Protein chains: 2
Amino acid sequence: MITINLGRGRVKDYLELFGGNWFNGEENNGLKEVFTIGQRNRLQYIILGLLGQQDQTGYDLTKAFEHEIGEFWQASHSQIYPQLQRLETAGDITHQDQITGEKLTKKVYQLTAQGQKKLAAWVSEPSPELTATKDEFILKLYFIKSANDPRLGPMLREQTQLHAEQLAHLQERQREVFPNQAAIDAAFGHYLILEHAIERESHYVEWLQRYQTLSNNH
Amino acid sequence: MITINLGRGRVKDYLELFGGNWFNGEENNGLKEVFTIGQRNRLQYIILGLLGQQDQTGYDLTKAFEHEIGEFWQASHSQIYPQLQRLETAGDITHQDQITGEKLTKKVYQLTAQGQKKLAAWVSEPSPELTATKDEFILKLYFIKSANDPRLGPMLREQTQLHAEQLAHLQERQREVFPNQAAIDAAFGHYLILEHAIERESHYVEWLQRYQTLSNNH
DNA sequence: TTTCAACATGTAATTAATTACATGTTTTAA
DNA sequence: TTAAAACATGTAATTAATTACATGTTGAAA
């Protein structure tokens with residue numbers, strides 16, 4: 001029995017440990033870990049998800065973040081390689097060396113049974129948190145007090161340009177990735193979120209254009 | 001004249017210094033600063049913007065992030081207080097002590113002329129970066145391959161609930177903050193982004209409901 | 001009159017993310 | 001054949017953000 005002296009306002013924190021990392025068993029092997037809750041670290045799950053689709057290297061994963069899922073999540077190789085090492089240490093993935101050409105050794109990663117379980121558990125668990133949209137333009141608008149502010153027109157036009165380009169890019173992606181029903185059936189979730197993103201950008205542009213005529217005098 | 005030995009692929013980085021913090025003058029007072037570019041630190045501008053509306057304390061700012069602009073940006077007091085200190089050191093804000101009751105000393109912050117200039121410059125400068133939306137649900141959907149996946153229905157329903165609540169909250173905010181045309185005219189930018197957020201959530205819910213009937217068998 | 005919520009202001013520790021540093025191989029096109 | 005782009009894998013340094021620690025005051029309601 002360990003008695004812990006709790007200061008004011010810490011009972012809740014203490015209790016949350018049981019919903020956090022306490023007594024989770026296998027994942028905690030040291031005292032330090034036991035008391036660490038930390039931030040969500042979603043990257044590990046995305047990597048597991050991508051490896052679930054196909055065995056691949058850290059470089060392949062980096063490219064996937066640049067092209068395949070770049071619209072929905074960003075991560076650079078300097079996050080990916082260390083995360084792969086941590087996932088392997090944790091036993092969620094393993095790798096095999098593959099020689100290309102004379103001496104270039106690639107590490108091809110794959111999910112372990114434990115990693116598959118962890119991925120499935122993450123997908124199934126609730127996602128009760130709203131997204132923190134950190135849109136700098138939206139924030140600047142907040143500080144524009146008057147409809148007659150001369151900065152308003154140029155700002156709206158700049159953003160219209162930006163989001164129209166993004167919309168076109170997403171539509172191009174949709175044509176590329178989902179040319180027929182078979183492609184949609186094979187990656188239905190991806191289809192859904194691409195459709196969602198297209199409609200979101202489409203609305204964004206429509207909303208911007210609604211006020212486009214304001215402050216044309218600059 | 002200083003000669004710097006540049007390795008492969010670093011010329012671009014070097015040139016970017018001139019678009020970054022190099023030779024910006026007053027903001028750089030040491031070598032360390034001169035070579036640091038770092039992340040965007042938008043928080044400082046939001047604080048300047050809020051102080052531009054009204055002199056206030058760190059506590060007031062914290063509350064503003066919780067209620068007033070919480071839908072558009074998040075920051076906690078543990079970010080705000082150190083940032084206030086840095087802004088004051090930089091000469092963008094000053095403060096006056098105000099005694100409440102017997103001995104409670106509040107620090108009421110206000111913009112300096114320099115701070116006002118900095119704020120105006122930030123609002124006027126382009127915002128060419130697209131927002132990184134990090135929506136965990138969207139990401140999970142990406143890994144759902146089939147329209148028949150039994151997890152799909154429950155996931156969509158959970159998110160519908162969540163976003164319908166957020167939509168209702170935003171609509172309530174709109175009624176509260178903008179009961180008449182005068183209120184709209186006095187904070188036009190805020191009105192615009194609230195309208196945008198409402199339409200965004202509205203579309204989100206509509207999109208979720210479109211696929212709601214899938215996988216009702218769980 | 002006492003206790004609790006809200007007011008008020010900080011710092012410390014940790015985790016996440018970005019930017020920069022660092023190096024070597026293979027393939028492709030001029 | 002050679003130079004550049006793409007492939008490939010790391011680490012270091014810095015900044016941002018979150019969570020937790022820490023403490024004290026004031027006002028309102030029971």
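None of the values given here were measured: they were computed from a predicted structure. Letters A, B, ... are given to chains in the order of the sequence lines, protein chains preceding strands, and every chain is numbered from 1. Computed over heavy atoms, backbone and side chain alike; hydrogens, waters and symmetry mates excluded.
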Q.
For B/A90, is there any backbone N or O sitting under 3.5 Å from a side-chain donor or acceptor partner on B/Q114?
A. yes
To the nearest angstrom, the NE2-C1' distance between B/H95 and C/dG10 comes to 13 Å
Below 3.5 Å between N/O atoms, which protein atoms pair up with nucleotides 27-30 of chain D? Just atom names and distances, please.
none

Rounded to the nearest 0.5 angstrom, the CD1-CG distance for B/I93 and B/L119 is 12.0 Å
Tell me whether the OP1 or OP2 atom of D/dT11 has a side-chain N or O from A/Q85 closer than 4.0 Å. yes
So the ring pair (Phe, Tyr, Trp, His ring centres under 6.0 Å) pairs with at least one residue in residues 99-118 of chain B (sequence neighbours excluded) are B/H95-B/Y109
To the nearest angstrom, the CD1-P distance between B/I99 and D/dT26 comes to 9 Å
note: B/K106, atom NZ; D/dT25, atom C1'; distance rounded to Å ~ 11 Å
When rounded to the nearest 0.5 Å, the distance separating OG1 of B/T57 from CG of B/D97 is 12.0 Å
Which of C/dT18, C/dT9, D/dT11 is nearest the side chain of A/P82? It is D/dT11
OG (A/S76) and OH (A/Y81) are apart, to the nearest 0.5 Å, by 11.0 Å
Report yes or no: does A/Q74 contribute a side-chain atom to a donor-acceptor pair with the main-chain N or O of A/G70 at less than 3.5 Å?
yes
Phosphate OP1/OP2 of C/dG10 contacted by B/K107 side-chain N/O (<4.0 Å):
yes
A/S76 has its side chain closest, among C/dT19, C/dA16, C/dT9, to C/dT19
Comparing A/L104 with A/S78, nearest DNA chain D nucleotide closer to 5' gives the residue A/L104
Rounded to whole Å, OH of A/Y81 lies from P of D/dA8 at a distance of 8 Å
A/Q74 atom CD is separated from C/dA17 atom C1', nearest whole Å, by 11 Å
### Query
Centres of the B/H77 and B/F65 rings: under 6.0 Å?
no
When rounded to the nearest 0.5 Å, the distance separating CG of B/N41 from CD1 of B/I46 is 9.0 Å
Sorted by chain and residue number, the side-chain contact (heavy atoms from CB on, under 4.5 Å) partners of B/E165 (sequence neighbours excluded) come out as B/Q161
Closest to the 5' end of DNA chain C, once B/K134 and B/Y109 are matched to their nearest nucleotides, is B/Y109
Students should find that the end-to-end axis angle of the helix from C/dT1-D/dA30 to C/dA30-D/dT1, with five pairs defining each axis and rounding to 10 degrees, is 30°
What donor-acceptor contacts under 3.5 angstrom involve side-chain atoms of residues 135-143 of chain A, with partners at least two apart or in another chain?
unit_1: A/D135; atom_1: OD1; unit_2: A/F137; atom_2: N; d: 3.0
unit_1: A/D135; atom_1: OD1; unit_2: A/I138; atom_2: N; d: 3.3
unit_1: A/D135; atom_1: OD2; unit_2: A/Y204; atom_2: OH; d: 2.8
unit_1: A/D135; atom_1: OD2; unit_2: B/T131; atom_2: OG1; d: 3.3
unit_1: A/E136; atom_1: OE1; unit_2: B/R40; atom_2: NH2; d: 3.2
unit_1: A/E136; atom_1: OE1; unit_2: B/R42; atom_2: NE; d: 3.0
unit_1: A/E136; atom_1: OE1; unit_2: B/R42; atom_2: NH2; d: 3.3
unit_1: A/E136; atom_1: OE2; unit_2: B/R40; atom_2: NH2; d: 3.2
unit_1: A/E136; atom_1: OE2; unit_2: B/W122; atom_2: NE1; d: 2.7
unit_1: A/K140; atom_1: NZ; unit_2: B/W122; atom_2: O; d: 3.0
unit_1: A/K140; atom_1: NZ; unit_2: B/E125; atom_2: O; d: 2.8
unit_1: A/K140; atom_1: NZ; unit_2: B/S127; atom_2: OG; d: 2.9
unit_1: A/Y142; atom_1: OH; unit_2: B/E68; atom_2: OE2; d: 2.8

Ordered by number, residues from residues 44-68 of chain B within less than 4.0 Å of DNA chain D (heavy atoms) are none
Interatomic distance, CG@A/L152 vs NZ@A/K145, rounded to 0.5 Å, equals 12.5 Å
Here the distance between atom P of C/dA8 and atom CD of B/E102, to the nearest Å, is 16 Å
CG (A/L170) and CZ (A/R175) are apart, to the nearest 0.5 Å, by 11.0 Å
From CD of B/Q79 across to P of D/dT18 the rounded distance in Å is 6 Å
- prompt: Hey, does the side-chain of A/T105 have a donor or acceptor N/O within less than 3.5 Å of a partner on the base of D/dT9?
  reply: no
In whole angstroms, the gap separating P of C/dT23 from NZ of A/K103 amounts to 16 Å
